[in-house]
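Source: prediction; values computed, not measured. A note on names: the letters A, B, ... follow the listed sequences, proteins ahead of strands, and every chain is numbered from 1.
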Amino acid sequence: MRAIASFWAQALDDVGADHFFHLGECVAEDSVSVRQSIVSRVAETLKKGRRYYCKDNVLLAADRSSFVTEVPMIERDPRGRVSPIVCYGSFDSIKEDGFADCLCEEIETFAVSIGQSVAPETLDLVREAFNILKKKQLRRKAAQLSAILLVTIVLLAIGYWVVMKKL
Amino acid sequence: MPFPVVAFWITVGFLHFLPFIILSVEKINRKVKGKKFAVLGARQVGKTHLIEFLLNGTIPRVYKKTMTPVKTTRERILLRELNLLVKESWDVSGDTSARAVWKDLVAEADFVLYLLRADQVLAGNTDVEARVKSDVRHVSEWIEQYQTTDKPKRLLLVGTHCDYNPEYKSKYNSDMAEFVDTFVKLPTINELVLRGGGLKKVKVIAGSMRTIQETEVLVYQMLREVLA
């Protein structure tokens, strides 16, 4: 299966280094640039983009080129804090069929690889979040197409009027 | 007196007071526009706690780890006689992988608040000391890189979790100044101050954020340094 997202999570003991997965591979602790680039892209998406979904600590934000989703794990840190997994990916991949299911599978795989787990109902929220995003995107595209169509009709009408006037 | 002579003297007088007028306008602007903070530090030093108190006057009861940056709002802080408008900023992760994000925050900030576990430094935890030294080295470089003469940036080292230190408990309410002084004089803190450009550029405060009252005392110290 092709990896569709990069993943980032903190060590539950709050002492160890953060965990990173990029293109289906674990990112080593000394790969500082890859780690920093994932965190920077996540920050950039959140700063420039829009929050589309926020429910029970599941968050989904996206800009034109990428998406970020935060998914809480079952396990808590020693201070009882909710510990999330952060997923980052390209916006284009969202359009593919079965994207949300693939992403949920990847989230589960990543969680298991770092000794943690995600509740099935949390993954349902992730699917719901992406469905909402898809619907909003479709509505936005429909609105854009309508606007383009309207402008074209107006321009054609003006052109027709000018030509008719000359005749 | 002929008209050109009057006009000449009015112009001379205006030019004489112009720098003072510009300075006053700048001062007013700064007060109206507010200050931007960059709250930085390793994990579990109290960044989210401090931001929450600064903006809402409360402390978080249950919260989640800060991974993705969370936007903070623009708020006016009124604490005792102090009054400060804080511009919107971001609450960011404390992991070293977030350093590029920290750098962006420093570039935009007027004040960099670097939080560190004072109890761990007082206990001589070498891992914490190494991390703090590395962070402050980076932060100082970014401050140097981004500050301009008209927009100087200042670094404030904020020692937190002092309540975990037995001496703090015994000196709380009586001899806090002496406790803070001991902290400031620690070789590690001295080194951090030197890395940041000396005591003129770097200020150090310490305290606890265990309760709302203790957080208020620490934030009050912090704001006094900021407004000084």
Side-chain angles (χ1 to χ4, degrees), chain A residues 6-20 22 27-51 54 56-61 67-73 75-88 116, chain B residues 36 38-49 52 59-73 87-109 117 120 125-128 130-131 134-135 138 142 160-161 163-164 209-210:
Chain A
S6 301
F7 297 92
W8 166 33
Q10 277 186 6
L12 259 193
D13 60 5
D14 264 329
V15 180
D18 285 10
H19 305 284
F20 285 89
H22 181 56
V27 181
E29 250 182 78
D30 54 359
S31 299
V32 181
S33 60
V34 180
R35 289 165 163 260
Q36 288 195 356
S37 123
I38 293 171
V39 177
S40 295
R41 283 186 212 166
V42 166
E44 203 66 19
T45 307
L46 282 158
K47 282 181 184 175
K48 288 183 180 165
R50 224 181 104 189
R51 282 181 181 222
C54 191
D56 292 344
N57 288 320
V58 173
L59 168 107
L60 174 62
F67 73 86
V68 168
T69 180
E70 223 182 55
V71 184
M73 289 181 278
E75 294 80 6
R76 303 253 171 153
D77 80 347
R79 291 168 68 192
R81 295 189 299 176
V82 174
S83 187
I85 288 175
V86 178
C87 320
Y88 168 86
Q116 293 169 39
Chain B
K36 193 155 192 163
V39 181
L40 309 176
R43 280 185 229 151
Q44 283 201 24
V45 290
K47 298 184 292 296
T48 304
H49 184 117
E52 176 92 19
I59 54 176
R61 282 185 190 169
V62 180
Y63 54 99
K64 66 174 188 178
K65 290 180 178 189
T66 310
M67 298 270 298
T68 54
V70 180
K71 195 173 188 177
T72 62
T73 51
K87 284 186 194 171
E88 56 193 23
S89 185
W90 294 85
D91 182 12
V92 294
S93 165
D95 193 73
T96 47
S97 52
R99 276 204 181 132
V101 181
W102 286 20
K103 190 180 176 184
D104 292 343
L105 274 184
V106 172
E108 294 169 359
R117 289 281 300 257
Q120 299 285 348
N125 184 326
T126 48
D127 288 342
V128 170
R131 167 73 203 264
S134 161
D135 282 348
H138 280 97
W142 301 328
T160 63
H161 292 75
D163 51 292
Y164 282 77
M209 296 196 284
R210 193 180 42 145

So which part of A:Ala17 gets closer than 4.5 Å to some heavy atom of chain B, the side chain, the backbone, both or neither?
backbone
What closest approach, in Å, do A:Gly16 and B:Arg43 show between heavy atoms, and which atom pair accounts for it?
O-NH2, 2.8 Å
Rounded to the nearest 0.5 Å, what separates atom CE in B:Met67 from atom CG in A:Leu46?
11.5 Å
Spacing of CG belonging to B:Asp104 relative to CD belonging to A:Glu44, to within rounding of 0.5 Å
7.0 Å
Side chain from CB out, backbone as N, CA, C, O: work out which of these in A:Arg41 comes under 4.5 Å of a heavy atom of chain B, or both, or neither.
neither
On a heavy-atom basis, which atom in A:Ser40 and which in B:Val101 lie closest, and how many Å separate them?
CA-CG2, 4.1 Å
For B:Thr96, is it the side chain, the backbone, both or neither that has a heavy atom under 4.5 Å from a heavy atom of chain A?
backbone
For A:Val34, is it the side chain, the backbone, both or neither that has a heavy atom under 4.5 Å from a heavy atom of chain B?
neither
Crowded around A:Lys47 NZ? As in, over 12 foreign heavy atoms under 6.0 Å?
yes
To the nearest 0.5 Å, what is the distance between NZ on B:Lys103 and CD on A:Gln36?
9.5 Å
Can you confirm whether B:Arg99 sits close enough to A:Val32 that some side-chain heavy atom of one is under 4.5 Å from a side-chain heavy atom of the other?
no
Measure the CG-NE2 distance between B:Asp95 and A:His19 for me, rounded to the nearest 0.5 Å.
10.0 Å
When every non-hydrogen atom of B:Thr66 is compared with those of A:Gln10, the smallest separation belongs to O-NE2, 3.7 Å
Interface moiety of A:Glu70 toward chain B, non-hydrogen atoms closer than 4.5 Å
side chain
If you look at every heavy atom in A:Asp18 and B:Ser97, which pair is closest and at what distance?
OD2-OG, 4.0 Å
